[in-house]
A.B. asks: 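Attaching a single structure in C-alpha cells format; questions to follow.
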Amino acid sequence: MKIGVVFPQAELGSDVDAIREYVLSAEDIGYTHIFIADHVLGADPKYHLSPDASSMSRSLSAEYSHESVVHEPFTLMAYIAALTKTLELTTGILILPQRQTALVAKQAAEIDVLSGGRMRLGIGVGWNPVEFEALGENFHDRGQRSEEQIEVMRSLWTNSVVDFHGKWHNITHAGINPRPIQHSIPVWIGAGSGPTLVPSNQILRRIARIADGWFPMFPPDGRAQFTTDRIRQHAEEIGRNPDSIGMEGRIRTANKTQREWSQEIKAWELIGASHLAVETRKAGLKFPNQHIEVLRQFKETLHC
C-alpha cells in the first residue's frame, strides 16, 4: 500500500512556515502523498443550524463552519509542488459540481505540470447547499452532473481540441494548454454520507464505471468489505477489471494505541486497499511538531 497523510486543515491556521515544515517532514519521513480537503465557504451555524432555518440548512454539519480554516486546494498544491519532489498531491476531496468544469480541468492540469506529474484528483458531490448557492450551481443535480464533468475533463486533458455538447456542457472546438504530464489525471471518487456512510448502489455503479479509484468514508469493517465486493461485482458486470480500481482507506490516530493502528493497517490490506491516509486531527495536537511526531510513530508501526 501507498501510505500518505491527511493535511490537518482545520487545525493548522495560516502559518506558512509551519505548513512548510509539516509538508517537508511528511516527505522526509517517507509518506507517498498528501490528501487535501476542500471547502470554499463555511456556513454560519447561527443561521443554518437554528430552529428557524430551513430543513436543508439544519442538516449542515456543526463541525465545519465559517470559522474553520480550509485552504484553497489548487493554490496550496502549487505551493507544495514547489517545495517537494516526491509527494503526490491529492484532493480529498474536491467538490466538483460546485465548480466550473473547464476551469477545474485547467487548474488540475497546471498542478500536474508544476509537480512533474504528481496530481491525483479526488472528487465528490458535497453536502453543503450553502456553498452551491453562493457559487451559482445546482445542489440537486450534482451527482449526475459530476459524471458529465469527469467526461469533459478527461476529454480536455487528452485532446488538444474538444468539441463537446452534452446536457450541461458545451465546448465548441477549444482546448486547454498545457495539458497534463500524465496524459489523463487519475480521478478518484469520495463516497458515503449519513448515519451508515455506505454509498448508494447508484454511486457504487458510478465508481465501477468511471472512477480510477475511490475513498471509503468508514473504517475497515464489514461495511468496507461489503462495499468493496459490490464495486468489484459491478465492474465485472461491465467487463472492467476490478483490480484497476484503487481504494484509499483512512486511519484516524487519535485515542488509539500503536497496536490498534497496526490492526487497522492489516484490516485495510485484507480488504484490498491500494492506498492509506493517516489522519492526526482531533487529538488536541499542536501544529506542526506534535502532528509530525505522530506521523513518525505511525511510520515506525509499519515496520513492527
A.B. asks: Treat each ILVMFWY residue as a node, draw an edge where side-chain heavy atoms are under 4.5 Å apart, and state whether Met153 and Ile181 are in one component.
C.D. replies: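 No, because Met153 and Ile181 fall into different hydrophobic clusters, even though each may have its own neighbours under 4.5 Å.
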
A.B. asks: Side chains of Thr101 and His169: do they bring a donor and an acceptor to under 3.5 Å?
C.D. replies: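 There is such a pair between these side chains.
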
A.B. asks: Under 4.5 Å between any side-chain heavy atoms of Trp268 and Pro216, yes or no?
C.D. replies: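 A side-chain contact exists here, since the closest heavy-atom pair is under 4.5 Å.
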
A.B. asks: Are the charged groups of Glu11 and Arg281 less than 4.0 angstrom apart, N to O?
C.D. replies: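 No, Glu11 and Arg281 are not salt-bridged.
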
A.B. asks: Sub-3.5 Å donor-acceptor pair from the side chain of Arg145 to the main-chain atoms of Pro97, do we have one?
C.D. replies: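 Looks like yes, one N/O pair under 3.5 Å.
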
A.B. asks: Tell me whether Phe215 is reachable from Val198 by hopping between hydrophobic residues (I, L, V, M, F, W, Y) whose side-chain heavy atoms are closer than 4.5 Å.
C.D. replies: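 Hydrophobic grouping puts Val198 apart from Phe215.
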
A.B. asks: Side chains of His291 and Val5: does their closest heavy-atom pair fall under 4.5 Å?
C.D. replies: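 Contact flag for His291/Val5 side chains = no.
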
A.B. asks: Do side-chain atoms of Glu248 reach the backbone of Arg250 as a donor and acceptor pair under 3.5 angstrom?
C.D. replies: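 No, because the side chain of Glu248 does not come within donor-acceptor range (under 3.5 Å) of the backbone of Arg250.
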
A.B. asks: Checking side-chain hydrogen bond (donor to acceptor under 3.5 Å, both in side chains) between Arg118 and each of Thr86, Thr84, Asp112, which is the one that passes?
C.D. replies: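 Among the candidates, only Thr84 passes.
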
A.B. asks: So, taking the atom named OH in Tyr79 and the one named CG in Leu76, what distance separates them when rounded to the nearest 0.5 Å?
C.D. replies: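 It comes to 9.0 Å.
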
A.B. asks: State whether the side chain of Arg142 and the backbone N or O of Gly126 hold a donor-acceptor pair below 3.5 Å, judged by distance alone.
C.D. replies: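 Checked: pair present.
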
A.B. asks: Return yes if a side-chain donor-acceptor contact under 3.5 Å exists between Gln233 and Glu237, otherwise no.
C.D. replies: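 There is such a pair (donor and acceptor under 3.5 Å, judged by atom type) between the side chains of Gln233 and Glu237.
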
A.B. asks: So Phe132 and Ile95, side-chain contact (heavy atoms from CB on, under 4.5 Å) or not? Walk me through it.
C.D. replies: CA-CA 10 Å; Phe132 281 76; Ile95 306 167; 4.0 Å; yes

A.B. asks: Taking Thr227 for the side chain and Ala224 for the main chain, is one N or O donor matched with an acceptor at less than 3.5 Å?
C.D. replies: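 No.
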
A.B. asks: Ignoring hydrogens and geometry, is there a side-chain-to-backbone donor-acceptor pair from Thr91 to Leu121 under 3.5 Å?
C.D. replies: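 No, Thr91 side chain to Leu121 backbone: no donor-acceptor pair under 3.5 Å.
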
A.B. asks: Taking side chain as C-beta onward, heavy atoms only, is Met1 less than 4.5 Å from Ile265?
C.D. replies: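 Touching, per the 4.5 Å side-chain cut-off.
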
A.B. asks: Asp38 and side-chain hydrogen bond (donor to acceptor under 3.5 Å, both in side chains): which partner among Gln9, His71, Arg99?
C.D. replies: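 Result for side-chain hydrogen bond (donor to acceptor under 3.5 Å, both in side chains) with Asp38: Arg99.
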
A.B. asks: Scan side-chain atoms only and decide if Asp229 and Gln225 contain a donor-acceptor pair under the 3.5 Å cut-off.
C.D. replies: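 Present: a donor and an acceptor within the cut-off.
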
A.B. asks: Minimum heavy-atom separation for Ile271 to Met247, with atom names?
C.D. replies: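 So the two residues come closest at CG2-CE, 3.5 Å.
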
A.B. asks: Would you say Asn170 has more than 12 foreign heavy atoms packed within less than 6.0 Å of its CG?
C.D. replies: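 It does: Asn170 CG has more than 12 such atoms within range.
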
A.B. asks: Please determine whether side-chain contact (heavy atoms from CB on, under 4.5 Å) holds for the pair Val125 and Leu96, giving the CA-CA distance in whole Å, both sets of side-chain angles, and the decisive distance to 0.1 Å.
C.D. replies: CA-CA 6 Å; Val125 299; Leu96 182 61; over 6 Å; no

A.B. asks: With salt bridge (charged side-chain N to carboxylate O under 4.0 Å, His left out) as the criterion, how do Glu88 and Arg120 come out once you've worked through the C-alpha distance, each side chain's angles and the decisive distance to 0.1 Å?
C.D. replies: CA-CA 7 Å; Glu88 182 186 58; Arg120 177 162 51 117; 2.8 Å; yes

A.B. asks: Any side-chain to backbone donor/acceptor pair from Lys106 onto Asn177? Under 3.5 Å, distance only.
C.D. replies: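 Checked: pair present.
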
A.B. asks: Got a donor-acceptor contact below 3.5 angstrom from the Ser65 side chain to the Gly42 backbone?
C.D. replies: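 It does not hold such a pair.
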
A.B. asks: Does Lys299 reach the side chain of Val278, with side-chain heavy atoms less than 4.5 Å apart?
C.D. replies: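 When only atoms from C-beta onward are counted, Val278 and Lys299 do not touch, as no gap falls below 4.5 Å.
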
A.B. asks: Looking at Phe35, Trp188, Tyr31, which hits ring pair (Phe, Tyr, Trp, His ring centres under 6.0 Å) with His275?
C.D. replies: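 Among Phe35, Trp188, Tyr31, the one that satisfies the ring pair (Phe, Tyr, Trp, His ring centres under 6.0 Å) with His275 is Trp188.
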
A.B. asks: Side chains of Pro45 and His66: does their closest heavy-atom pair fall under 4.5 Å?
C.D. replies: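 When only atoms from C-beta onward are counted, His66 and Pro45 do touch, with a gap below 4.5 Å.
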
A.B. asks: State, to 0.1 Å, how close Pro73 and Leu94 come at their nearest heavy-atom pair, and which atoms those are.
C.D. replies: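 Residues Pro73 and Leu94, closest heavy atoms: CG-CD1, 3.8 Å.
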
A.B. asks: Are Lys85 and Glu27 close enough, and set up right, to give a salt bridge (charged side-chain N to carboxylate O under 4.0 Å, His left out), and what steps lead you there?
C.D. replies: CA-CA 8 Å; Lys85 296 180 179 179; Glu27 183 174 59; over 6 Å; no

A.B. asks: Identify the heavy atoms of Glu21 and Ser25 that sit nearest to each other, and give their distance.
C.D. replies: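 It is O-OG, 2.7 Å.
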
A.B. asks: List the atom of Pro219, the atom of Arg223, and the distance in Å for their closest heavy-atom pair.
C.D. replies: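 For Pro219 and Arg223, the tightest heavy-atom pair comes out as CD-NH2, 3.2 Å.
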
A.B. asks: Just verifying a value: how many Å separate Ile189 CD1 and Arg206 CZ, rounded to the nearest 0.5 Å?
C.D. replies: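 These two atoms lie 6.5 Å from each other.
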
A.B. asks: Got a donor-acceptor contact below 3.5 angstrom from the Glu131 side chain to the Val40 backbone?
C.D. replies: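 The answer is yes, because a donor-acceptor pair under 3.5 Å joins these two groups.
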
A.B. asks: Could you tell me if the side chain of Trp157 sits less than 4.5 Å from the side chain of Arg179, heavy atoms only?
C.D. replies: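 Side-chain contact under 4.5 Å: no.
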
A.B. asks: Do the side chains of Ile210 and Ile231 join up, straight or via other hydrophobic residues, at under 4.5 Å, putting them in one cluster?
C.D. replies: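 Yes.
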
A.B. asks: Give, for atom CG of Asn159 and atom OG of Ser184, the distance between the pair rounded to the nearest 0.5 Å.
C.D. replies: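 OG of Ser184 is found 10.0 Å from CG of Asn159.
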
A.B. asks: Take atom CZ of Arg209 as the centre, draw a 6.0 Å sphere, and report whether it contains more than 12 heavy atoms from other residues, nucleotides or ligands.
C.D. replies: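 Counting neighbours around CZ of Arg209, more than 12 heavy atoms of other residues, nucleotides or ligands fall under 6.0 Å, so yes.
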
A.B. asks: Would you check if Trp261 and Lys256 make a side-chain contact, meaning some heavy-atom pair closer than 4.5 Å?
C.D. replies: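 With C-beta onward as the side chain, the pair touches.
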
A.B. asks: Using a distance-only test with no angle check, is there a side-chain donor-acceptor pair under 3.5 angstrom linking Trp168 and Asp141?
C.D. replies: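 Their side chains do contain a donor-acceptor pair, which is all the 3.5 Å distance test asks for.
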
A.B. asks: If I compare all heavy atoms of Gly13 with all of Ile19, which pair ends up nearest, and what's the gap?
C.D. replies: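 Smallest heavy-atom distance, with atoms named: O-CD1, 4.4 Å.
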
A.B. asks: Do the side chain of Glu148 and the main chain of Lys167 share a donor and acceptor less than 3.5 angstrom apart?
C.D. replies: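 A pair under 3.5 Å: yes.
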
A.B. asks: So Tyr22 and Ile34, side-chain contact (heavy atoms from CB on, under 4.5 Å) or not? Walk me through it.
C.D. replies: CA-CA 11 Å; Tyr22 175 87; Ile34 186 164; 4.3 Å; yes

A.B. asks: Mind checking whether Arg232 and Ile245 have side chains closer than 4.5 Å, heavy atoms only?
C.D. replies: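 No, too far: nothing below the 4.5 Å cut-off.
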
A.B. asks: Have a look at Phe7 and tell me which of Thr90, Val70, Leu12 forms a side chain to side chain contact (heavy atoms under 4.5 Å, CB included) with it.
C.D. replies: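 One option only clears the test, and that one is Leu12.
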
A.B. asks: Just verifying a value: how many Å separate Thr253 OG1 and Gln297 CD, rounded to the nearest 0.5 Å?
C.D. replies: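 Here the rounded value is 9.0 Å.
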
A.B. asks: Going from NE2 on His33 to CG on Leu276, what distance comes out if it is rounded to the nearest 0.5 angstrom?
C.D. replies: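 Atom-to-atom, His33:NE2 and Leu276:CG are 7.5 Å apart.
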
A.B. asks: Spell out, as yes or no, whether a donor-acceptor pair under 3.5 Å connects the side chain of Arg230 to the backbone of Asn201.
C.D. replies: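 The answer is no, because no donor-acceptor pair under 3.5 Å joins these two groups.
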
A.B. asks: For a quick test of reading the model, state the closest non-hydrogen atom pair linking Ala109 to Ile185 and the distance between them.
C.D. replies: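 Between these two residues, the closest heavy atoms are N-CD1, 3.8 Å.
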
A.B. asks: Under 4.5 Å between side-chain heavy atoms, hopping through other hydrophobics if needed: is there a path connecting Leu83 to Ile36?
C.D. replies: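 Yes, Leu83 and Ile36 fall within the same hydrophobic cluster.
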
A.B. asks: Yes or no on side-chain contact (heavy atoms from CB on, under 4.5 Å) for Asn128 and Leu41, after CA distance, side-chain angles and deciding distance?
C.D. replies: CA-CA 9 Å; Asn128 187 352; Leu41 299 165; 5.9 Å; no

A.B. asks: Rounded to the nearest 0.5 Å, how far apart are CZ of Phe298 and OG1 of Thr280?
C.D. replies: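 Output value for this atom pair is 11.0 Å.
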
A.B. asks: Say whether Val6 and Ile80 are linked into one hydrophobic cluster, either directly or through other cluster members, by side-chain heavy-atom distances under 4.5 angstrom.
C.D. replies: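 Different hydrophobic clusters.
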
